[in-house]
Protein chains: 2
Amino acid sequence: MPAAQVSVRRRARGRLSRAGILAAALELVDQDGVGSLTMRRLAGRLDADPMSLYQHFQSKEALLDGLVGTLWSEVEVMDGDWQVVLPSLANGIRRLAHVHPQAFRLVFGRGMLPLPALGPLDRALTALERAGLAREAAAEMVRTLLAYAGGWATLELSCDCGVDPGASQVEQVVAITRALPAETPTHLLEVARLMACCDMDKQFELGLRLILDGLAPRLVDVRGR
Amino acid sequence: MPAAQVSVRRRARGRLSRAGILAAALELVDQDGVGSLTMRRLAGRLDADPMSLYQHFQSKEALLDGLVGTLWSEVEVMDGDWQVVLPSLANGIRRLAHVHPQAFRLVFGRGMLPLPALGPLDRALTALERAGLAREAAAEMVRTLLAYAGGWATLELSCDCGVDPGASQVEQVVAITRALPAETPTHLLEVARLMACCDMDKQFELGLRLILDGLAPRLVDVRGR
DNA sequence: ACCTGAACACCGTTCAAGT
DNA sequence: ACCTGAACACCGTTCAAGT
């Protein structure tokens with residue numbers, strides 16, 4: 001078979017790959033939201049037949065699972081002792097929400113413990129065990145941290161309803177008033193402003209410190225004996 | 001117009017109500033999951049034309065927002081000082097996840113601060129202000145608590161992949177192995193078991209205590225001065 | 001053997017035609 | 001004036017017909 005013909009009129013064979021499809025899907029979700037991810041639209045972006053996607057994914061559900069894997073793989077957990085590893089896991093989860101605000105809901109919306117999450121969680125567990133903690137006690141710490149980090153990232157995304165971080169109080173009130181129904185009582189608008197407008201970095205750090213400081217004594221006890 | 005005719009062949013007028021539609025929608029989601037909620041299927045359950053639903057909700061999106069309201073309205077926040085109000089808010093959110101495991105994802109999947117959430121949050125804020133805390137400091141506590149409670153409830157639901165609470169370790173391993181892909185490395189299966197299998201009540205309490213105990217000193221300071 | 005497009009059974013929503 | 005069903009523009013997926 002002449003090479004020229006292959007390059008000029010090459011078959012679709014092998015043009016699509018799992019990774020390529022997932023990258024295009026993530027781009028689509030980041031741009032237009034989870035609702036806009038469609039097998040047909042995705043195939044269109046890749047100049048392929050919609051049915052060709054089914055050679056790489058059994059169903060749309062399987063494709064979404066793959067997307068969760070792609071997202072978890074972007075969470076980098078640093079090496080070091082638990083004082084380094086645990087905050088880096090929590091910060092990695094939060095950073096994921098910032099980089100992919102649209103796609104993030106997929107990560108925790110379809111179960112928090114899929115296969116791709118287990119690597120990062122293993123790193124955290126191992127760091128705590130190296131520090132002398134029992135496996136079950138280590139799991140307790142990691143679960144608490146995961147719940148807080150995931151919950152905060154979700155909350156932070158939902159606060160981001162068009163209010164600039166450095167906006168004046170008046171601007172905040174205007175933005176919140178527009179985001180809620182017209183019949184919302186004034187004092188509940190104030191509750192919403194109070195809840196939604198804060199220094200997100202500082203607030204996240206506050207909860208993180210609370211949890212790590214609260215759990216630290218357990219470790220000291222173990223080491224001391 | 002003869003009353004008999006009204007009762008025998010009464011018009012569809014007024015047969016549908018916002019509350020009735022929402023109740024049927026919640027029932028549908030509880031039974032068959034969020035994916036099965038369809039304007040057509042919902043109308044079928046109510047023996048109505050699909051388009052009749054649009055008299056009460058502008059769109060399916062608006063109906064989902066209404067569902068979030070229904071769910072939040074089931075969160076009861078007890079009266080009392082902050083030591084009572086804050087745990088009751090956290091427990092209420094967690095209980096919601098237990099009563100409506102399928103529908104729960106709607107509550108935090110579409111923004112954590114919709115109008116129906118503001119009532120319960122206001123109760124918590126007020127309790128802290130009554131205890132002498134500044135508004136901004138009160139908001140910090142409530143945000144931390146909301147992030148943890150919401151995150152934990154989500155994590156707990158995702159752990160519930162067919163593992164009985166009282167299952168033996170062997171049963172746990174079998175259930176986890178079945179829930180994850182066949183090619184999952186053994187040591188990651190063990191990570192999953194360790195993360196997913198625990199006394200959920202105890203674990204939730206642990207994080208809750210950690211946060212409330214960590215925040216309590218701020219209040220004592222305020223009162224003491 | 002591998003690929004793919006027509007076809008099926010849905011979906012949310014518009015809108016014109018009914019009462 | 002209020003209601004509603006046919007119709008439109010989608011959707012995920014099956015499967016038979018192609019190469």
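So that the names make sense, note that chain A is the first sequence line, chain B the second, and so on, each numbered from 1.
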- Message: R15(A) vs D47(A), test: salt bridge (charged side-chain N to carboxylate O under 4.0 Å, His left out). Steps then yes/no.
- Response: CA-CA 10 Å; R15(A) 207 165 53 74; D47(A) 264 322; over 6 Å; no
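- In terms of position along DNA chain D, the nucleotide closest to R41(A) lies nearer the 5' end than the nucleotide closest to the other residue of the pair R41(A) and M51(A).
- When distances are taken from the side chain of D49(B) to each of dA7(D), dT4(D), dT4(C), the shortest belongs to dT4(D).
- Atoms CG (L42(A)) and P (dC10(D)) sit 17 Å apart, rounded to a whole Å.
- Between the P atom of dC2(D) and the NE2 atom of H56(B) lies a distance of 13 Å, rounded to the nearest Å.
- The CZ atom of F57(B) sits 16 Å away from the C1' atom of dT13(C) (whole-angstrom rounding).
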- Query: Where does DNA chain C pair, written as one dot-bracket string 5' to 3', with Watson-Crick or G-U pairs under 3.5 Å, ( ) inside the strand, [ ] for crossing pairs and | for another strand?
  - Reply: ||.|||||...|||||.||
- Hey, mind stepping through Q203(A) and T144(B) against side chain to side chain donor-acceptor pair (under 3.5 Å) and telling me if it holds? CA-CA 8 Å; Q203(A) 168 80 43; T144(B) 306; 3.0 Å; yes
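- Q55(B) has no side-chain polar atom (N or O) that falls below the 4.0 Å cut-off from OP1 or OP2 of dC2(D).
- Regarding M39(A), its CE atom lies at a distance of 16 Å from the C1' atom of dG5(C), rounded to whole Å.
- Spacing between atom CG of L53(B) and atom C1' of dG12(C) amounts to 11 Å, rounded to whole angstrom units.
- A salt bridge is absent between R41(B) and D32(B): the closest approach of a Lys/Arg side-chain nitrogen to an acidic carboxylate oxygen does not fall below 4.0 angstrom.
- Ion pairing of E140(B) with R143(B) is absent here, as no side-chain N (NZ or NE/NH1/NH2) approaches a carboxylate O to less than 4.0 Å.
- Regarding contacts with the backbone of dT4(D), a side-chain N or O of S52(B) is found under 4.0 angstrom from either OP1 or OP2.
- Between dT13(D), dT13(C), dC11(C), one nucleotide has an atom nearer to the side chain of S59(A) than all others, and that is dT13(D).
- Separating the NZ atom of K60(B) from the P atom of dC11(C) is a distance of 9 Å, rounded to the nearest angstrom.
- D49(A) and R40(A) are not joined by a salt bridge, as no carboxylate oxygen comes within less than 4.0 angstrom of a charged side-chain nitrogen.
- R45(A) and E27(A) are joined by a salt bridge, as a carboxylate oxygen and a charged side-chain nitrogen come within less than 4.0 angstrom of each other.
- Within 6.0 Å of atom CZ in R193(A), more than 12 heavy atoms from other residues, nucleotides or ligands are found, so the atom counts as buried in its surroundings.
- Computed from coordinates, the R40(B) CZ to dG5(D) P distance equals 13 Å when rounded to whole Å.
- In this entry the distance linking CD of Q58(A) with P of dT13(D) reads 10 Å, nearest Å.
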